[in-house]
Amino acid sequence: INAEYMGPTPTPTKMSVDAGNLFALDATIDASEITDENLHLYATSTVQHLINRLFTLPAQPSDEGKVVLLPRRVMLLPREKTLPKADPATRWEKFASTKGIVKQKKMLRKWDEDLRQWIRPYGRERKEAERKKNWLIEMPTNYEPKVEGGDPFLDQQMDRNERVLKQKEREARNKKRADGV
């Protein structure tokens, strides 16, 4: 607030100030008393009372001047927008609720006996651990690569890509079903 402290103003008896919301209300003013001439006077005295209250709060210096730390809000203001609507339940969520299936929390890391260390069950760290662990794939004698000039590592990558595509198709189908299309 870049304002000069103008000293105390006559304090109305029913002035309520919520410094956290920067809100001041003079309950002594009757709406029938307000005219175009005295509206400016009422507004000035109410705002001056709010500014006087702000000057009593603790301040900290900053690059742009003093910064006042506002107290906790007293008055709860309504939301500007309505609460977001809940997403419709997916097919699995409906099934799980009817069967009483509850999702359990997963551990963030699992012990890997081959590598003798704790690794995450997903993400980049898991992929690096899988590469370290499966650096060699045993090929059966009757191995046929999926593509010409392929190898078992390429086949694994192709299988993974197929699973990902299939999952995306399932998600799209589930979204259509949830939207009611």
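Worth saying up front: this structure is predicted, and the values here are computed from it rather than measured.
Partners of Asn142 by side-chain hydrogen bond (donor to acceptor under 3.5 Å, both in side chains), not counting sequence neighbours: none found.
Rounding to the nearest 0.5 Å gives a distance of 14.0 Å between NZ of Lys133 and CD of Glu128. Distance check: Arg109 CZ to Arg126 CZ gives 14.0 Å after rounding to the nearest 0.5 Å. Lys168 NZ to Leu165 CG: the interatomic distance, rounded to the nearest 0.5 Å, is 6.5 Å. Interatomic distance, Ser45 OG to Leu50 CG, rounded to the nearest 0.5 Å: 11.5 Å. If you take CD on Glu33 and CG on Leu39, they are separated by 12.5 Å, rounding to the nearest 0.5 Å. Once rounded to the nearest 0.5 Å, the distance linking CD of Glu162 with CD of Gln157 reads 11.0 Å.
Dense packing is recorded around CG of Leu41, with more than 12 heavy atoms of other residues, nucleotides or ligands lying under 6.0 Å away. A 6.0 Å sphere centred on CZ of Arg124 holds no more than 12 heavy atoms belonging to other residues, nucleotides or ligands.
Listed by chain and number, the hydrophobic cluster partners of Leu77 are Phe23, Leu25, Met75, where partners are ILVMFWY side chains within reach of under 4.5 Å, directly or through others.
In this structure the side chain of Gln60 never reaches within 4.5 angstrom of the side chain of Lys66, judged on heavy atoms. The shortest side-chain heavy-atom distance between Leu57 and Leu69 does not fall under the 4.5 Å cut-off.
Summarising the geometry of Arg72 relative to Asp18, their closest heavy-atom pair is O-OD1, 4.3 Å, with the distance given to 0.1 Å. Heavy-atom minimum distance, Asp112 versus Asp114: OD1-N, 3.0 Å. The shortest heavy-atom contact between Phe153 and Asn134 is CE2-O, 3.6 Å. Looking at every heavy atom in both residues, Ala89 comes nearest to Lys94 through O-CE, 3.6 Å. In this structure, Glu125 and Ile119 approach most closely via the heavy-atom pair OE2-CA, 3.6 Å. Minimum heavy-atom separation, Ala19 to Leu70: O-CD2, 3.5 Å.
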Gln156 vs Ile137, side-chain contact (heavy atoms from CB on, under 4.5 Å): CA-CA, chis, key distance, verdict: CA-CA 10 Å; Gln156 280 183 348; Ile137 297 176; 3.4 Å; yes
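Residues in residues 113-152 take part in these ring-ring contact (aromatic ring centres under 6.0 Å, His included) pairs, two or more places apart or across chains: Trp111-Trp118. Here salt bridge (charged side-chain N to carboxylate O under 4.0 Å, His left out) pairs that include residues 137-153, with residues two or more places apart or in two chains, are Lys146-Asp159. Residue pairs meeting the salt bridge (charged side-chain N to carboxylate O under 4.0 Å, His left out) criterion with at least one partner in residues 36-57, sequence neighbours excluded, are absent. Under the ring-ring contact (aromatic ring centres under 6.0 Å, His included) criterion, the residue pairs touching residues 65-106 are Trp92-Phe95, with sequence neighbours excluded.
Checking Arg170 against Gln167 by side-chain atom types alone, a donor-acceptor pair falls below 3.5 Å. Checked by atom type, the side-chain pair Asn21/Arg73 shows a donor-acceptor distance below 3.5 Å.
Hydrophobic clustering of Ile, Leu, Val, Met, Phe, Trp and Tyr side chains at less than 4.5 Å, counting indirect connections, keeps Val47 apart from Tyr42. Leu54 and Val74 fall into different hydrophobic clusters, defined by Ile, Leu, Val, Met, Phe, Trp and Tyr side-chain heavy atoms under 4.5 Å apart, directly or through other members.
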